[in-house]
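Worksheet for the structure shown next.
What's counted below: heavy atoms across the whole structure, side chains too, no hydrogens, waters or symmetry copies. Lettering of chains follows the sequences in order, A, B, ..., and the numbering in each one begins at 1. The structure displayed is predicted, hence computed values, not measured ones.
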4 protein chains.
Amino acid sequence: MAALRSDAARSRANILDVARTHDRATLRLNDVAREAGVGVGTVYRHFPTVHALIEALSADALDAMLETSRRAAAEPDPGDGLALYLGSALRLQLEDGGLQAVLLSPEDEADSVRNVKREIFESFTTVLEAARAAGAVRADLTVDRLSHLVCGIEHAVRLGTPEDLPLLLQVMLDGLKPRP
Amino acid sequence: MAALRSDAARSRANILDVARTHDRATLRLNDVAREAGVGVGTVYRHFPTVHALIEALSADALDAMLETSRRAAAEPDPGDGLALYLGSALRLQLEDGGLQAVLLSPEDEADSVRNVKREIFESFTTVLEAARAAGAVRADLTVDRLSHLVCGIEHAVRLGTPEDLPLLLQVMLDGLKPRP
Amino acid sequence: MAALRSDAARSRANILDVARTHDRATLRLNDVAREAGVGVGTVYRHFPTVHALIEALSADALDAMLETSRRAAAEPDPGDGLALYLGSALRLQLEDGGLQAVLLSPEDEADSVRNVKREIFESFTTVLEAARAAGAVRADLTVDRLSHLVCGIEHAVRLGTPEDLPLLLQVMLDGLKPRP
Amino acid sequence: MAALRSDAARSRANILDVARTHDRATLRLNDVAREAGVGVGTVYRHFPTVHALIEALSADALDAMLETSRRAAAEPDPGDGLALYLGSALRLQLEDGGLQAVLLSPEDEADSVRNVKREIFESFTTVLEAARAAGAVRADLTVDRLSHLVCGIEHAVRLGTPEDLPLLLQVMLDGLKPRP
DNA sequence: CATGAATGAGGATTCATTCAT
DNA sequence: GATGAATGAATCCTCATTCAT
């Protein structure tokens, strides 16, 4: 990310602020531009695709996820580490309506995003393997399956109310434990 | 479903056959009409809205779900009944890409759909209450929350492969059990 | 008009009754058919074009206009005769939203309509010529111009409220008198 | 009317030129676009609705009407003032097929149109009140009724030929005078 | 670099009329 | 004769993206 001229930086921040007030699934670049007081061209300059804009909007959440995944990997108790990671991931995805799309996308616009995603998955792998080794989770789980499961629970919560989160998270965590 | 003239019935079946080959989320009535070899107006006559067409496509799956819910309610073992219903619901929703939308829609085009949905939810309520009374599931589950959870698991399976179904279903079922 | 089978006569009357409740300018033959409980084809059989239906709807008004034109031609005072005809024509056109179209149309669907229109214009000509001969109206008026003027006043009343009728009629009648 | 970029101004003028050759009552924005050699979107950008385009087409006529209404209000003889205004209004409405619609529309797209219409009606009110005070017209006339009457006479002239204008205008003016 | 006008394919929907049943 | 299903041109309008200014 090269240094930006101050006006360009202001435009960029402006665009992001406006975009944050929109539903990620129905982002209109023209609307964002108008509301941000810039031309459409400017939005396209900063964000060549809608996905690039969504990535930028999720940057903070992605960083938080990385931080969490590292803390989870450092947890002494592997089971606690996994629960910490899954719970945080779920909460972050619910707070940031575009994060699921960024995480699942096979293609990333920004290199930084690709790198952070890779690091998150690495830490998550560490967490999961430790938990499995400790017998804290079923043996047939993979990082992909678990990621999808978190996305599924996110979907379930979105169909209801945020108050459903604790229950559905708990159901998932309980379900992951190995059967006696 | 009033009796249709034979030509109308043929058109209708034709349209449904073609529509079945399309992704429910991106159905274009114009495309369906062209591929079915009928005029757009014919599609609109049979299905005034896209949702009406999606409902019609899901009719069989909806009937199967009703049948299953009744069988589940008749199960001697309440826990088995619940597992039967949830597993079947999940499988049916995965087979029929529009069923989730039909089930979740607050508005129904066809009266028959509204009635079937109501009966399904009634049977499901019976099943869930029996399971709860028997101590086979957590007490804080509701029909809505469980329905959303099934939709969430459906979502998770779709993100991966159909082979993930048994695992994710088992995780859900295990997670629903009351904690000691 | 050949004798109609009783069911056909019933259909026809039915269609006319329903059509009368619609705005003439926005008649949908399909809507009329549905509301009348008959097929579109039946409406088309009775009334090959929308104009044919509008003519049929105006039949009574047209008869009344003929009757009035004859009474006007028989008036001893030519000025009174003209005023009678113009006032009645205006009122009838305001009561029957399709009458203006029928009167102005160069083509008539039904022979009876063509004949009645011709007779009306003949009587009107008699009335106007008598009034002109008596010096009760300007000399530069023609049957066509006066007919158009009535249509214009009809239009003016429709832009406001029916209560404007007496005033605007009076303005027209006063304006037609020869200037001293 | 904010300053337009030169290319935008060219498009706008182009669209207006083409639209002027069409009957206002049957304007198709797609046709205008094609004939003007621009995309549909361009027409919609300049004129979000058909009414907006019709307003723009009538801008000059509306200005002329405002100018006339002011001159009429400044006439020393109130009767002459009224005759001047009514005659000019009628002629302008006949020249501009969309002016009647603009004047009668309760909603205006452009603020400028709303303002000009308000000023016209204000001047007209002045003219009418002066004429009434001078005993030059009937006392039961209102600005609305007179406006409708002008529209009615416009309608009458359109049903015949432009040559009917002087006669019908004179009939109207004579009819407005108070009866002795 | 920023701007925002222009593009135009794309998709939804209606309705007068025909014609198979 | 009656029916109403089918037609499909016609119209409306949107929006992601490009490119002249």
Give B/Ser11 one of three labels, base, sugar-phosphate or nothing, depending on what nucleic acid heavy atoms sit under 4.0 Å from its own. sugar-phosphate
For D/Asn14 and E/dA6, what is the distance between atoms CG and P respectively, to the nearest whole Å? 10 Å
Just how far, in rounded Å, is P of F/dG4 from CD of C/Glu35? 15 Å
More 5' along DNA chain F: B/Gly39 or C/Val38, using each one's nearest nucleotide? C/Val38
For A/Leu62, does its backbone N or O pair with a side-chain atom of A/Lys117 as donor and acceptor, under 3.5 Å? no
Whole-Å gap separating C1' (F/dC13) and CZ (D/Phe47): 17 Å
Do NZ/NE/NH1/NH2 and the carboxylate oxygens of A/Asp111 and A/Arg114 come within less than 4.0 Å? yes
Given C/Leu27, C/Val40, C/Thr21, the one that forms side chain to side chain contact (heavy atoms under 4.5 Å, CB included) with C/Val32: C/Leu27
Kindly indicate whether the side chain of D/Leu29, heavy atoms from C-beta on, has any atom under 4.5 Å from the side chain of D/Phe47. no
How many whole angstroms separate atom CG of B/Leu53 from atom P of E/dT13? 12 Å
Name the stems with DNA chain F in them: runs of three or more consecutive Watson-Crick or G-U pairs, distances under 3.5 Å? E:2-21 with F:2-21
With sugar-phosphate taken as primed atoms, P, OP1 and OP2 and all else as base, the protein-contact string of nucleotides 15-21 of chain F at under 4.0 Å (heavy atoms; B, S, -) is SBBB---
Salt bridge or not for A/Arg34 and A/Asp31, using N-O below 4.0 Å? yes
Distance below 4.0 Å between B/His46 side-chain N/O and F/dA6 OP1 or OP2: yes
Side chains of C/Glu154 and D/His155: is there a donor and an acceptor less than 3.5 Å apart? no
Under 3.5 Å donor-acceptor, C/Asp96 side chain and C/Gly98 backbone: yes
If we count only N and O atoms by modelled type, under 3.5 Å, do the side chains of A/Glu35 and A/His22 hold a donor and an acceptor together? yes
Checking the side chain of C/Asp108 only, and the main-chain atoms of C/Ala110 only, is there a donor and an acceptor separated by less than 3.5 Å? no
So does D/Thr42 get a side-chain nitrogen or oxygen closer than 4.0 Å to the phosphate oxygens (OP1/OP2) of E/dT7? yes
Length of the CD1-P vector between B/Ile15 and F/dA6, whole Å: 7 Å
Separation of atom CZ in B/Arg45 from atom C1' in E/dT13, rounded to whole Å: 15 Å
I need the CZ-P distance between D/Arg12 and E/dA6, as an integer number of Å. 11 Å
Can you tell me the distance, in whole Å, between the CG atom of B/Asp31 and the P atom of E/dG11? 6 Å
